[in-house]
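Inspection log for the structure reproduced underneath, given as structure tokens.
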Amino acid sequence: MSNIILVGAQWGDEGKGKIIDILSEKADVIIRFQGGNNAGHTVVTGEEEFILHLIPSGILHKNKACVIGNGVVVDPEALLNEIDALKKRRIGVDDSLIISDQVHIIFPYHKLLDELREKKKGKTKIGTTKRGIGPCYADKVSRCGIRLTELLNPQEFREKLKFNIDEKNAILSTLYGHKGFSLDEIYERYIEYGKKLKKYIQNTPLFLNTAISKDKSLLFEGAQGTLLDIDHGTYPFVTSSNATAGGACAGSGISPIKINRIIGVAKAYTTRVGEGPFPTEFGPDLMKKIRKKGKEFGATTGRPRRCGWLDVAILKHAVMINGLTELVLTKLDVLDDTDPIKVCVAYKCGGKVLKDFPSNMETLAECRPVYKELPGWKEDTSSVTKYRVLPLKARKYIAYISKFLKKKIPMVSVGSERRQTLIRV
Ligand code: GDP
Ligand code: IMO
Ligand code: MG
């Protein structure tokens, strides 16, 4: 029995989906605990590619329970589409999927408000996925949100929906000149969604704690990444949930004392989608090269990802905030023909050297990276099947990161496929 939390150590898209798929083999239950369908987790199994948005990436393995925990926000239409798409590809969702009755529901007004607010902000926009994530979590915290449990009770649902639609329509017409939404139309549509989702709905904290008491192994699948965490990320350029390890407990109903390992996933370089400071961002030439080689386009929105050098000051922050017990390094192969390779180890800001990732975004925006330069290996790693066969300079790169962070790197990924995963023994 071993309960593992896996989180992104950077700004998301670190390859969490691939690593969860690998680790799922030895897990009994895989749990999403925060975020929503802003996430895009890619799993490549031989010839096939799957992009999961709400359903845990363990779904591709048979006989696993895949739980959408209470901390997630769910767009029922997106979830039902994801279920249908998986079923069409003969993935047995009905035997595996369990959804918390406490998840908060994303409504059309959340998506519209997300979009209109971004438009209104102009240059200061966050660059959200426009999936309604922020407005839905805002309602949750304001205590006017609607959960699946309420959706299953038509009278209660209608009352709560009316309050929300009246309020949101007033905001939409006053601030944005929008005609708003019809209570009846949304009510009817969502009642139907509720009927379709009912069979998956359970008391998930009870289910998960019972699983632990039966010595089952739980694997918590983080979405987004440490720097997108609402508290510990680059606020306001963050998502609206706790994407760090602490979020796994609150978002699932499991006590921290039940957790055995906390794995951080980091790319061998850095990427970010959306706006906000990014000290190690490449100039145009390297940006073009790495984006192309790493296929750095969003799995959810298709937007080009911004790319830059690895920043171990960021990873040090991720080690501290998450209490990482180890790190998995992905996309090493993308650096195969880059030489030299730079790693940001600290920042220069206002004549001072900062060794720690600043908590203040104005400071971060003024930070210039202090780089350590390492030689590139200039060899293909994507076909390497054993860690010890990796080029020496690649192993030295990994060893440098490991030593800097004082953390083991037991797994290295050199391609999107399952077989392109090197386990250090
Ligand atoms: P996630 O959101 O953290 O699950 O990551 P995404 O799926 O959004 O983005 C990671 C992308 O990199 C996906 O297209 C993966 O198939 C791909 N990928 C994962 N690991 C590797 C790797 O080691 N090398 C390469 N070249 N691609 C990888
Ligand atoms: P996975 O799980 C990368 C980013 C958006 C934007 C900010 C806020 O695939 O790693 P939101 O729609 O959440 O309000 O947008 O967060 N973002 C992600 N970036 N990977 C993700 O998920 C992301 N989910 C949200 O681009 O900058
Ligand atoms: Mg992603």
Side-chain angles (χ1 to χ4, degrees), residues 6-22 32 34-45 48-54 56-57 72-73 75 106 110-111 113-115 117-118 125-138 221-230 233-241 243 264-278 290 292-306 328-336 380-382 384 411-422:
L6 181 141
V7 291
Q10 296 157 322
W11 274 289
D13 301 328
E14 298 91 346
K16 300 176 293 293
K18 172 186 165 160
I19 305 304
I20 287 284
D21 171 66
I22 305 267
R32 275 282 307 270
Q34 46 71 233
N37 61 324
N38 47 350
H41 296 177
T42 314
V43 182
V44 180
T45 61
E48 285 201 85
E49 182 184 84
F50 295 85
I51 299 179
L52 287 317
H53 297 286
L54 273 163
S57 303
V72 176
V73 288
D75 179 338
I106 297 178
H110 291 133
K111 288 190 263 189
L113 280 169
D114 194 356
E115 191 180 330
R117 195 176 282 160
E118 282 279 276
K125 72 174 182 187
I126 294 163
T128 74
T129 59
K130 298 182 186 159
R131 299 296 191 268
I133 307 294
C136 183
Y137 275 117
E221 176 175 356
Q224 291 80 53
T226 302
L227 290 193
L228 289 172
D229 182 280
I230 185 77
T234 45
Y235 191 92
F237 301 101
V238 292
T239 192
S240 299
S241 63
V265 184
K267 274 179 197 178
Y269 49 100
T270 312
T271 63
R272 112 168 269 184
V273 199
E275 310 303 317
F278 184 174
I290 298 293
K292 187 162 176 243
K293 183 148 170 81
K295 299 194 181 109
E296 293 297 357
F297 295 89
T300 296
T301 57
R303 288 179 291 173
R305 295 177 184 144
R306 299 158 67 191
V328 170
L329 200 68
T330 61
K331 303 194 95 160
L332 187 76
D333 55 299
V334 178
L335 296 182
D336 280 354
D380 172 67
T381 59
S382 66
V384 170
M411 197 190 279
V412 176
S413 172
V414 291
S416 54
E417 293 188 26
R418 283 173 172 165
R419 61 180 171 80
Q420 292 173 301
T421 313
L422 313 178

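Owing to the predicted nature of the structure, the values given are computational and were not obtained by experimental measurement. Hydrogens, waters and symmetry mates are skipped; everything else that's a heavy atom, side chains included, is used. Order of listing sets the numbers, starting from 1, for every ligand and every atom in it.
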For this session: State if Gln10 counts as touching ligand 1 under the rule of any non-hydrogen atom under 4.0 Å.
Result: no
Seminar exercise, completed: Tested for salt bridge (Lys or Arg N to Asp or Glu O under 4.0 Å) against Glu296, the lone hit among Arg305, Arg306, Arg303, Arg272 is Arg305
For this session: Would you check the N or O atoms of Thr239, main chain and side chain alike, for any that come under 3.5 Å of an N or O of ligand 2?
Result: yes
For this session: Could you tell me if any non-hydrogen atom of Gly294 lies under 4.0 Å from any atom of ligand 1?
Result: no
Exercise. Is the shortest distance from a heavy atom of Lys16 to ligand 2 less than 4.0 Å?
Worked result: yes
For this session: Check whether any N, O or S atom of Ala39, backbone or side chain, sits closer than 2.8 Å to the Mg ion (ligand 3).
Result: no
For this session: Evaluate the side-chain proximity of Trp11 to Thr270: yes if any heavy-atom separation is below 4.5 Å, no if none is.
Result: yes
Problem set entry | Within reach of ligand 2, part of Val238 (heavy-atom separation under 4.0 Å) | backbone
Exercise. Side chains of Asn37 and Ile106: does their closest heavy-atom pair fall under 4.5 Å?
Worked result: yes
Exercise. Mind checking whether Thr330 and Lys18 have side chains closer than 4.5 Å, heavy atoms only?
Worked result: no
For this session: Give the numbers and elements of all ligand 1 atoms closer than 4.0 Å to a heavy atom of Gly17.
Result: 4 (O)
Problem set entry | Phe237, portion touching ligand 2 at heavy-atom distance under 4.0 Å | neither
Seminar exercise, completed: Distance col, row Lys331:NZ vs Ser416:OG, nearest 0.5 angstrom, shows 8.0 Å
Exercise. What protein heavy atom is closest to atom 15 (C) of ligand 1, reported as residue, atom name and distance in Å?
Worked result: Thr42 CB, 3.9 Å
Exercise. Taking Asn38 as the fixed residue, which of Thr300, Asp114, Thr239, Thr301 is the one that meets the side-chain hydrogen bond (donor to acceptor under 3.5 Å, both in side chains) rule?
Worked result: Thr239
Exercise. Can you tell which part of Ser413 has a heavy atom less than 4.0 Å from ligand 1: side chain, backbone, both or neither?
Worked result: both
Exercise. Polar-atom distance check: Glu49 versus ligand 1, any N or O pair below 3.5 Å?
Worked result: no
Exercise. Is there a heavy atom of Gly127 sitting under 4.0 angstrom from any atom of ligand 2?
Worked result: yes
Problem set entry | Non-hydrogen atom of Gly12 closer than 4.0 Å to ligand 1 | no
Exercise. Which residue holds the protein heavy atom closest to atom 6 (P) of ligand 1, what is that atom called, and what is the gap in Å?
Worked result: Gly40 O, 3.5 Å
Seminar exercise, completed: Near Val414 (heavy-atom distance under 4.0 Å), the atoms of ligand 1 are 23 (O), 24 (N)
Exercise. Among Leu228, Asp13, Thr234, which one has a heavy atom closest to atom 4 (C) of ligand 2?
Worked result: Leu228
Exercise. Taking N or O atoms only and a 3.5 Å limit, does Gly415 qualify as a polar contact for ligand 1?
Worked result: yes
Problem set entry | Distance in Å, His110 NE2 paired with Arg131 CZ, rounded so as to fall on 0.5 Å steps | 16.0 Å
Exercise. Should Ala299 be counted as touching ligand 1, given the test is an N or O pair under 3.5 Å?
Worked result: no
Problem set entry | From CZ (Phe278) to OG1 (Thr271), nearest 0.5 Å | 6.5 Å
Exercise. Asp114 near ligand 2, heavy-atom distance under 4.0 Å?
Worked result: no
Problem set entry | Arg303, any N or O under 3.5 Å of ligand 2 N or O | yes
For this session: Please indicate whether any nitrogen or oxygen in Lys18 is less than 3.5 Å from any nitrogen or oxygen in ligand 1.
Result: no
For this session: Output the distance between atom OG (Ser413) and atom NZ (Lys267), rounded to the nearest 0.5 Å.
Result: 11.0 Å
For this session: Could you establish whether Glu14 and ligand 2 come within less than 4.0 Å of each other, counting only heavy atoms on the residue side?
Result: no
Seminar exercise, completed: among protein heavy atoms, the one nearest atom 24 (N) of ligand 1 is Asp333 OD1, 2.8 Å
Exercise. Arg131 near ligand 2, heavy-atom distance under 4.0 Å?
Worked result: no
Problem set entry | Any N/O pair Gly40/ligand 2 closer than 3.5 Å | yes
Exercise. Of all the N, O or S atoms in Asp13, which one sits nearest to the Mg ion (ligand 3)?
Worked result: OD1
Exercise. Out of Arg305, His53, Glu14, Lys16, who gets a non-hydrogen atom closest to atom 9 (O) of ligand 1?
Worked result: Arg305
Exercise. Under 3.5 Å, N or O to N or O, is Ile133 touching ligand 2 that way?
Worked result: no
Exercise. Quick one: does Asn38 get an N or O within less than 3.5 Å of an N or O on ligand 2?
Worked result: yes
